[in-house]
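Fair warning: this is a prediction, and the values are worked out from it, not measured in the lab.
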Amino acid sequence: MKSQRNISEFILLGLSFNQSIQIFCFSLFLYCYVALLAGNLLILVSIRLSPLIHQPMYYFLSHLSTMDICYTSTVTPKLIADLLVERKTISYSNCMLQLFTMHFFGGVEIFILTAMAFDRYAAICKPLHYVVIMNRTRCHLLVLAAWAGAAVHAFPLFSTAVSLPFCGPNEIDHYFCDIFPLLKVACTDTYITGVLVIAFSGMVALGVFIVLFVSYGIILFTLRNLSAEGRRKALSTCWSHITVVILCFGPVIFIYLRPPITFSEDKIFALFYTIIAPMLNPLIYTLRNSEMKKAMRKVWSPSLFPKEAQS
């Protein structure tokens with residue numbers, strides 16, 4: 001059935017009506033976005049131009065950095081620009097596009113985190129078979145599966161949003177278009193639709209989180225059998241993954257796995273998975289990773305490290 005609507009745009013209420021807070025947020029989020037782009041591009045280029053690209057973990061990390069940039073760019077530039085204007089609007093078509101791309105790229109990121117957990121499981125729990133298990137063909141297939149899974153996640157949400165009738169107030173109490181704020185302004189009873197969104201989208205997030213939780217639990221249990229040096233090296237990468245998973249999934253589960261209602265705090269929680277977590281990811285993955293730091297030195301300052309650059 002074709003959706004009925006008599007509006008051509010939505011008004012985004014944003015984070016705050018206070019002008020001083022908006023100016024502060026503009027400076028803060030502009031800095032965060034530039035840092036996010038610089039950090040993820042640094043990781044992406046460093047991996048692509050170094051031998052690390054042949055290692056599965058860094059192959060997935062390069063894709064994760066790409067998704068961080070794509071995912072955040074669906075929301076943050078619009079948010080930053082809106083902080084400078086009094087009337088924050090978004091057209092109906094751009095709203096639907098933003099909803100789809102945000103959930104699609106976010107879905108790819110979540111499934112790539114799952115692929116990274118599988119890689120760590122194979123490396124630590126099946127070390128003798130690691131090269132066979134994580135061959136390049138399987139890595140490509142895991143990335144392809146991440147894209148396919150994201151499409152399966154995003155298209156139903158997009159179809160649901162497009163089918164909603166909008167005929168009354170067009171004010172969205174958020175800083176971007178998402179499914180629950182749209183359900184709130186639709187001129188029909190959307191409770192059942194909201195429950196279906198939770199059953200599909202929320203359960204996908206919870207299911208993936210449980211898989212990751214169990215995977216890293218098995219990995220940490222297996223570390224008992226390694227030497228002290230082996231445990232130290234394994235933990236340096238595992239804790240990075242676990243930290244990113246918690247930063248990503250905590251707010252997501254809070255928003256999408258509950259009754260279909262909205263709270264003012266949702267906008268604050270959304271900042272964690274749209275801006276803060278993608279900005280911190282480069283720092284988390286490089287802070288205790290000697291291989292990553294060595295590759296960055298080789299790529300970006302070979303004249304300062306001539307011996308390392310030749311090795």
Side-chain angles (χ1 to χ4, degrees), residues 29-77 101-102 104-120 122-124 134 136 139-140 142-144 146-147 150 212 216 232-249 252 271-305 308-309 311:
F29 296 145
L30 180 61
Y31 170 80
C32 290
Y33 186 57
V34 171
L36 181 152
L37 292 178
N40 282 288
L41 284 173
L42 182 65
I43 286 182
L44 180 61
V45 176
S46 297
I47 292 176
R48 293 289 178 178
L49 297 181
S50 73
L52 290 181
I53 189 61
H54 301 296
Q55 298 184 33
M57 185 180 78
Y58 297 102
Y59 171 77
F60 292 132
L61 181 56
S62 69
H63 283 278
L64 183 67
S65 293
T66 303
M67 288 305 103
D68 276 339
I69 294 172
C70 294
Y71 174 65
T72 306
S73 296
T74 65
V75 175
T76 308
T101 54
M102 188 193 73
F104 178 73
F105 290 127
V108 175
E109 185 169 352
I110 284 175
F111 289 119
I112 285 180
L113 285 173
T114 307
M116 295 175 75
F118 177 72
D119 170 70
R120 291 299 84 201
I124 296 172
M134 297 305 299
R136 186 42 57 105
C139 290
H140 290 326
L142 287 172
V143 172
L144 182 62
W147 283 74
L212 290 172
Y216 284 114
R232 186 197 63 78
K233 187 175 181 180
L235 284 173
S236 67
T237 56
C238 286
W239 283 124
S240 299
H241 297 323
I242 293 171
T243 303
V244 170
V245 167
I246 293 173
L247 283 175
C248 177
F249 279 88
V252 168
L271 289 173
F272 278 92
Y273 60 82
T274 57
I275 301 177
I276 297 175
M279 180 190 69
L280 293 178
N281 283 355
L283 182 63
I284 293 171
Y285 280 114
T286 59
L287 191 61
R288 298 179 62 186
N289 192 319
S290 58
E291 287 186 324
M292 192 69 239
K293 288 187 284 188
K294 183 178 179 180
M296 290 167 65
R297 287 197 298 265
K298 287 182 179 181
V299 172
W300 298 104
S301 55
S303 58
L304 298 178
F305 302 91
E308 288 189 5
S311 61

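The CG atom of Leu280 sits 10.0 Å away from the OG1 atom of Thr243 when rounded to the nearest 0.5 Å. For the atom pair OG1 of Thr74 and CD1 of Ile69, the computed distance is 12.5 Å after rounding to the nearest 0.5 Å. To the nearest 0.5 Å, atoms CG (Asn281) and CG (Leu61) are separated by 8.5 Å. Tyr71 OH to Ile275 CD1: the interatomic distance, rounded to the nearest 0.5 Å, is 10.0 Å. Rounding to the nearest 0.5 Å places OG of Ser73 at 13.5 Å from CE of Met102. Within the model, atoms OG1 of Thr114 and CD of Glu109 stand 11.0 Å from one another, a figure rounded to the nearest 0.5 Å.
A donor-acceptor pair under 3.5 Å links the side-chain atoms of Thr72 to the main chain of Thr274, judged by distance alone. Of the possible polar contacts, none joining the Ser65 side chain to the Ser62 backbone as a donor-acceptor pair under 3.5 Å is found. For the pair Asp68 (side chain) and Leu36 (backbone), a donor-acceptor distance under 3.5 Å is absent.
Paired with Leu212 under the rule side chain to side chain contact (heavy atoms under 4.5 Å, CB included), one option of Val245, Ile242, Ile110, Ile246 passes, and it is Val245. None of His54, Arg136, Arg48, His140 except one satisfies the side chain to side chain donor-acceptor pair (under 3.5 Å) rule with Tyr59; the exception is His140.
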Worksheet item: Is there a side chain to side chain contact (heavy atoms under 4.5 Å, CB included) between Ile53 and Tyr58 once you walk through the steps?
Response: CA-CA 6 Å; Ile53 189 61; Tyr58 297 102; over 6 Å; no
Item to complete: Evaluate the criterion side chain to side chain contact (heavy atoms under 4.5 Å, CB included) for residue pair Tyr273 and Phe249; output intermediate values, then yes/no.
Response: CA-CA 8 Å; Tyr273 60 82; Phe249 279 88; over 6 Å; no
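Other residues, nucleotides and ligands place no more than 12 heavy atoms under 6.0 Å from the CZ atom of Phe272.
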